[in-house]
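Indexing begins at 1, ligand by ligand and atom by atom, following the structure's order.
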Amino acid sequence: MTPPLLEMRDVTRSFEVSAGLLRRRRTLRAVNGVSLRLEKGEVLGLVGESGCGKSTIAKMLLGLLPPQSGAILLEGRSLAALDRKAVARRIQPVFQDPYSSLNPRKTVGAIIALPLRVHGIGDRRERRARVFAMMDRVGLAPRLHASFPSQLSGGQRQRVAIARALITAPEILICDEPTSALDVSVQSQILNLLQDLRRELGLTYLLISHNLAVVEHMATRVAVMYLGRIVEEAASETLFGRPRHPYTEALLASVLTPEPGLGLPDTGLGAAFPNPLEPPSGCAFHPRCPKAMPLCRGTPPPARSKDGARVECHLCAAAVP
Ligand code: SF4
């Protein structure tokens, strides 16, 4: 059987942080037993509120942060055993804030060409030609080749970041909130560009967002994350048509807020997102869950899987046997 293009198997990652008046060292469990599969050509949406562990997953999948337990596999081979440069040629990031991810002292041409230089691809003339071709592909006018990031709009800067990510012809893009720093009017342009590029170049995406409206636009499959765990995962149509986990239901309700592209979703759950240093017992969602039962306070819900869908909720035990 062909292994998935990229896979996380029961991955855990914690951080030691100083907290409280006495600045005591505490353990923050950012990712807690996460398994995910990214199949070739799909867009896997990863959604959840800030602080749920999405960006830690992005860093681990890029090979920037090792897992403490579990495994990350690229076509069945451990990411940890692969050469860092080889991984970088196959998996590239697109970050939220294009301005802070672009060197302000470099021109657009130099920024996009940098990965080619790092990987020793082509001579000067070839690199220049590839940069102009990539600028054309992402919708950047040739005259911007000598411009600096400060002279560009937010949308143009994100196009530069996408061009830089694609210049070495990677197979996978890890897109971490790729549009949330942009004006609402520009967001759909960048999402459509990412869709077109995926089709034309046969790319595979992990799309991380706190915004289900963005994910619905793009994703073929969706994983919902809460306090370091994937609480529901399903094909996009299934998840949006019939959400099973109460947290997914709340996130879906947040899509109906007037300006879903702005800020954190109003989940309508009342109670604030819990302190990740003191995760609730049992089901971590129970203090906010409108459907919580006494069982939920003391017993973590088991994962139930059926037909490619997976959910962690005591209520779903019968629905997804
Ligand atoms: Fe709510 Fe209980 Fe399900 Fe957790 S296990 S989501 S608290 S019903």
Side-chain angles (χ1 to χ4, degrees), residues 8-14 27-37 44-57 70 207-216 219 221-257 260 264-321:
M8 298 182 91
R9 275 195 204 155
D10 200 18
V11 167
T12 296
R13 176 74 212 195
S14 304
T27 300
L28 188 154
R29 201 168 254 211
V31 173
N32 184 10
V34 165
S35 295
L36 278 177
R37 295 160 68 97
L44 174 62
L46 181 60
V47 296
E49 292 161 281
S50 289
C52 71
K54 305 187 299 291
S55 292
T56 303
I57 284 184
L207 175 67
I208 295 176
S209 179
H210 64 263
N211 187 332
L212 271 182
V214 167
V215 170
E216 186 175 22
R221 205 155 49 85
V222 182
V224 179
M225 197 167 183
Y226 191 79
L227 269 184
R229 286 195 65 81
I230 305 296
V231 295
E232 182 166 7
E233 183 182 347
S236 194
E237 278 175 19
T238 308
L239 189 124
F240 284 98
R242 194 173 161 218
R244 294 180 188 275
H245 197 283
Y247 181 57
T248 310
E249 289 175 354
L251 281 182
L252 272 172
S254 78
V255 176
L256 303 176
T257 55
L264 291 170
D266 175 7
T267 53
L269 292 169
F273 191 73
N275 181 355
L277 287 168
E278 293 171 7
S281 60
C283 171
F285 187 55
H286 84 256
R288 305 170 82 191
C289 180
K291 298 177 179 172
M293 309 168 283
L295 170 70
C296 306
R297 275 195 282 278
T299 309
R304 312 271 170 177
S305 300
K306 191 183 179 190
D307 299 335
R310 182 185 168 282
V311 65
E312 288 186 0
C313 172
H314 288 302
L315 279 177
C316 301
V320 187

Next item on the list: Say whether, by atom type as modelled, one donor and one acceptor occur between the side chain of S236 and the main chain of V222 under 3.5 angstrom.
Entry: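 Absent.
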
Next item on the list: Identify, with sequence neighbours excluded, every residue that meets salt bridge (Lys or Arg N to Asp or Glu O under 4.0 Å) alongside E233.
Entry: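 Partners of E233 by the salt bridge (Lys or Arg N to Asp or Glu O under 4.0 Å) criterion, ordered by chain and then number, come out as R221.
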
Next item on the list: Using the test salt bridge (Lys or Arg N to Asp or Glu O under 4.0 Å), find all partners of E249 that sit at least two apart in sequence or belong to another chain.
Entry: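 Partners of E249 under the salt bridge (Lys or Arg N to Asp or Glu O under 4.0 Å) test: K291.
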
Notebook entry, point to check: Can you check side-chain hydrogen bond (donor to acceptor under 3.5 Å, both in side chains) on Y247 and E49, steps first, answer last?
Noted result: CA-CA 11 Å; Y247 181 57; E49 292 161 281; 2.8 Å; yes

Note to self: Are C52 and R229 packed together at the side-chain level, in the sense that at least one heavy-atom pair is separated by less than 4.5 angstrom?
What the structure shows: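 In short, these two side chains do not touch, never coming nearer than 4.5 Å.
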
Notebook entry, point to check: Around atom 1 (Fe) of ligand 1, what protein N, O or S atoms are found below 2.8 Å?
Noted result: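 Protein N/O/S atoms under 2.8 Å of atom 1 (Fe) of ligand 1: C289 SG.
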
Margin query: I'd like to check the ring-ring contact (aromatic ring centres under 6.0 Å, His included) partners of H245; sequence neighbours left out, ordered by chain and number.
Written below: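 H245: ring-ring contact (aromatic ring centres under 6.0 Å, His included) contacts with F285.
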
